[in-house]
Amino acid sequence: MASGGLQVLGFVLAFLGWIGSIISTAMPQWKMASYAGDNIVTAQALYEGLWMSCAMQSTGQIQCKVYDSLLKLEGSLQATRALMVASILLGLVAVFVAVTGMKCMKCMEDDQVKKMRMAVFGGVIFIIAGLAALVATSWYGNRVARAFYDPFTPVNTRFEFGSALFIGWAAASLAMLGGAFLCCSCPRRETSYPPSRGYPKNAPSTGKDYV
């Protein structure tokens, strides 16, 4: 029962991480304009994401523009896109595989060992998906930090971490943690020992064997 509860907990955490990766990928707030230092506070906030850039006015109105051409984007941004999309697709595969191996499901009930291995395999895929999201968000965040502290970057074009980055980091952590919990449900190998053979009992001596 304990391993079943750990399995359910791992699936829930990994599933929440997968949902968080989808939300993070779709959000435009991967980086936001910085108003630190000598920057002048303007009446609008600028955001940039993987797919579009947005400007929010002081009235609350948001205007977004989708990036015109894929070929005009930086290679690092294209790689970040690819990693996040790969993470989402891997998470989708992991959901189906892990659900098949869950103890509470009736699939593959005739072979419990294969069923538990499916759950472990789903956990491994969740871990890979979380690693892909972690690499993508950390790489993007590193670029933002380097540009912020670069003295040659104009003050009015500096950006800080956006909320989508924090959601992506949390989602990657949940996916890897949940996948690790699913891997803990791996069936233990039972060591089989050969049946012990009884030693023949010596017949009681009657004293007649000796002359």
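Side-chain atoms are counted along with the backbone in the values below, which use heavy atoms only and exclude waters and symmetry mates. Since the structure is predicted, the reported quantities are computational estimates derived from the model, not experimental observations.
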Do [X] side-chain atoms and [Y] backbone N/O form a donor-acceptor pair below 3.5 Å?
X: Gln29; Y: Gly49; value: no
X: Ser87; Y: Leu83; value: no
X: Ser138; Y: Val135; value: no
X: Trp51; Y: Thr25; value: yes

Qualifying residue for side-chain contact (heavy atoms from CB on, under 4.5 Å) with Phe126, from Val93, Leu90, Val95: Val95

Could you check if a side-chain atom of [X] sits within less than 4.5 angstrom of a side-chain atom of [Y], using non-hydrogen atoms only?
X: Ser24; Y: Trp30; answer: yes
X: Phe15; Y: Leu174; answer: no
X: Val120; Y: Met116; answer: no
X: Tyr47; Y: Ser53; answer: no
X: Ile88; Y: Leu92; answer: no
X: Met32; Y: Phe161; answer: no

Report the distance from atom [atom1] of [X] to atom [atom2] of [Y], rounding to the nearest 0.5 Å.
X: Met84; Y: Leu50; atom1: CE; atom2: CG; value: 7.0 Å
X: Glu48; Y: Cys64; atom1: CD; atom2: SG; value: 11.5 Å
X: Gln7; Y: Cys183; atom1: CD; atom2: SG; value: 11.0 Å
X: Leu13; Y: Ser173; atom1: CG; atom2: OG; value: 11.0 Å
X: Phe148; Y: Glu160; atom1: CZ; atom2: CD; value: 5.0 Å
X: Ile167; Y: Ile22; atom1: CD1; atom2: CD1; value: 13.0 Å

Common cluster, Ile23/Met52, ILVMFWY with side-chain heavy-atom separation under 4.5 Å: no

Joint hydrophobic cluster, Trp139 plus Val144, side-chain heavy atoms closer than 4.5 Å: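 Trp139 and Val144: separate clusters.
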
Residues forming a salt bridge (charged side-chain N to carboxylate O under 4.0 Å, His left out) with Arg143, sequence neighbours excluded: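 Listed in chain order: Glu74.
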
Set of ring-ring contact (aromatic ring centres under 6.0 Å, His included) partners for Tyr67, sequence neighbours left out: none

ring-ring contact (aromatic ring centres under 6.0 Å, His included) against Phe121, all qualifying residues, sequence neighbours excluded: none

Steps toward side-chain contact (heavy atoms from CB on, under 4.5 Å) verdict (Leu46, Met56): CA-CA 7 Å; Leu46 302 178; Met56 184 176 66; over 6 Å; no

Parallel, tilted or perpendicular, as decided by the 30° and 60° cut-offs, for the rings of Phe166 and Trp169: perpendicular

Verdict with reasoning, Gln63 to Cys54, per side-chain contact (heavy atoms from CB on, under 4.5 Å): CA-CA 5 Å; Gln63 297 178 350; Cys54 298; over 6 Å; no

Which atom of Ala98 lies closest to which atom of Leu182, heavy atoms considered: CB-CD1, 4.1 Å

